[in-house]
Amino acid sequence: MRPTFTLLSVCFYALLSSGTSSGDDPRWLLSLVDLVELDYEDRCDMRATAAWDELIGSSKGLAQKLERDKSFGIFARKQTADVKSALNEHALGAGDDVLRRRVQLLIQPGDTLLETEQWMRLVTFGDTALNKLRFATDYHCGTHTNCTLRELHYNMARQQDENTLVQMKQAWDKNLPDMGEFLEQILPLLRNASKENSYNTVEEYWDSLGEYEGALLKAREIWDHVKPLYLKLHKYVALRLKGSEAVGKPLAVHLLRSLNGDDWSNLIELLLPKHPDVYLKLHTNLQLKELGGQKLYKEAEKLLNILQLGDIDPLIMNESLFNATCPTEIVDWCKPNRMRFVTCKDISIENYMEAHEILMKIKYKMITALHSNNTYVLREASRYSAIYEAIPGFASLLSLNPHTLNRVGLYPLDRFNYNPNHHRLVLQLIIALRDLPKLNYFMAADEWRLNVLMGRIPPSSIGSSWSEFRRNFSLIETSDSDILGDPYVIFNKPYIGKFMGLILKYQIYQSFAEELVSDDYDLVKHVGENNERLMDAMMQGYGSIWPEMVSDLLAKRENNLEYTGLTDYFRFLDEYLDNQLDPSAESNYVDDYVEPPVSEPPTEEVEIPEENEIPDEIDIKSSKEVESHNLNENIIDTGDEPNSKFSIETSTVGVLEIKNPMAAGDQNESINPKEASYNTYWWIGIGVGLAVVVILGAIIARKRHTHRKSLERQRRNNSCA
Ligand SMILES: *[C@@H]1O[C@H](CO)[C@@H](O)[C@H](O)[C@H]1NC(C)=O
Ligand SMILES: *[C@@H]1O[C@H](CO)[C@@H](O)[C@H](O)[C@H]1NC(C)=O
Ligand SMILES: *[C@@H]1O[C@H](CO)[C@@H](O)[C@H](O)[C@H]1NC(C)=O
Ligand SMILES: *[C@@H]1O[C@H](CO)[C@@H](O)[C@H](O)[C@H]1NC(C)=O
């Protein structure tokens, strides 16, 4: 196939340069664009193969990836030049918007327009740095100093000792690329890339890549409104970790059990409110059901089914690698259904949420590719669309919806209906620890880079300017160079699309949640039954700029980004944090927690198991059937139960907060989120935390044992996991 295209291209280019007979036939330009895109698709195929080999650690992987990525720059410059010169001779017809869009995306391809030597420098720096980070084996993970990156992540999440955490972080820092080289050789390439794409400043260039006018200004405005919530969460974390003297002061990044502070999820067990039932069960059940790796992704696929988006091509699942490192990476061959991903097998709530997000991303790409009008550039343009980020992010929110948790068997709905507000608070905390630090980090990474490029930082202090910026902007003490572990940063990509996507996903959530006729209704089902607007957005790909699609996506007249989607979603958490940070609130505290009845339906979630009672594989399977049977009954029965008033809002973690956060439990149950002051709390927290750790340790050890046995059994039976 390839030689034919190339030959054809040569013919067309020959025609082009002779500038004769083709005349003003509009089809001529169209054919050229078609050919250019086919060439791009071939390139994508080759680069994806190399990228995959590199990701799975094959020996020549990096060398091949470097070679293909480098030559891609030469190729892209040539294609751009060809399309540009064709444009000079053949003006675009007035009517053809799709062609106009394709041409525009092809002649402003972003960083690939850099001069060849500069492009090569950029990809050499980035590819090499990421490969080193990914495959280094000298990480420190507590007991050993010869760990892999996966082992580091795993142990960092569990490490309690501060000194060890510092050592882990330092050993990781040692594998980062050189900050001096980055500041002198790589980051300034952004100025040149801006010029090549005909923009005066990097900020304008990034706005154009984000396809939103004044994107960074808008992001700053949004951040100003989200910042108070971020600060409260930060104070609460400081209070719980270090006591009241630490509140409002920068926190050392290792205390967040994070390498660069962009995700605080690992802290959850230290921060749980007084009634963490939903967290404990969720955590335990994920382990018991061994929802990691391929099994987890199979489970996550079910959410797509309920959203009526169909399956993931089995080939994608079968060819992907589930025993590598997180965060998950998708490799795309730019052909319908030809994708794979590399992920890790570790079991955690974060990986559970991420799996849903990744599969939605893959689904998005599948849907975009199936739409025949979407040629290569309308699927793969180097643009940073908030919708591309928001729809997968929306799936991760739905993964913690009470109905989803029920369906996956992680937390039964009828148990959720007792004390729903307590559970909601815990779920919001889990989500906030994942999203708020990211939002702050995205903003910090873009702002710091712009500051450096605009010369706002005196040369003498530029080497330590990242940690300086991070301290002021995020209240986090980092090292001078830990931003260089981030692929977006080392490849000079803007975070603006991800930032806006994170905001937009809460707007999507809100738009669906507000539509529910009955609060009893299952939000996920509702989205499935009304998924056309998601489908429409996904089908369009990069066919038009994303801000134009927002109003259809939200089924609203305005197409604006609004921070209120996010702040409304977290309003419940917000109130809780206020109370926690105000010790005088203690006297008002009313504990409205109701113990759920003991006569629950049998579920596979395990109360604290006694010795010899730990279920093995077979027990789990059989109880699963029992459970699903009972749950169906329960859903039907809810209306007649005395506690049914608690089931208002069960379907939407968000609806309650959106409408009226405090008046929810009404009917002489004055729901009051005020909790015990942090003093009491701190001890309860530690107690619960320790108990959980000890119990889980025992459970997991037992599980491993039974798992190994059952694996052997399976191997003998030759059945699949
Ligand atoms: C790592 O080092 C420890 C001793 O420090 C050794 O027991 C272990 O085998 C090493 N592991 C690898 C994978 O080299
Ligand atoms: C940007 O381009 C100019 C002119 O081509 C060149 O002199 C300069 O070195 C480039 N910047 C970087 C960081 O390579
Ligand atoms: C991961 O799994 C693949 C097969 O799925 C196997 O070939 C490879 O050796 C495994 N790698 C590790 C590190 O376990
Ligand atoms: C594909 O694009 C053409 C215009 O180029 C348009 O007329 C047609 O409706 C589009 N098809 C779909 C399914 O959107």
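Read the numbers this way: they start at 1 and go in the same order the structure lists the ligands and their atoms. Heavy-atom basis, side chains included; hydrogens, waters and symmetry copies ignored. Note that this is a predicted model, so its numbers are computed, not measured.
- Within the 4.5 Å cutoff, the side chain of L217 has heavy atoms near those of the R220 side chain.
- Side-chain contact between R68 and R43: absent, with no pair of heavy atoms (C-beta onward) separated by less than 4.5 Å.
- Taking the six-membered ring where tryptophan is involved, the planes of F182 and W448 are essentially parallel, since the angle between them stays under 30° and well short of 60°.
- Note on ring orientation: taking the six-membered ring where Trp is involved, the planes of Y495 and F442 are parallel (angle under 30°, cut-offs 30° and 60°).
- Across every non-hydrogen atom of A215 and M500, the tightest pair is O-CE, 3.4 Å.
- Residues lining ligand 2 at a heavy-atom distance below 4.0 Å are given as E115, Q118, R121, P188, L189, N192, ordered by chain and residue number.
- Nearest heavy-atom pair across L165 and M156 is CD2-O, 4.0 Å.
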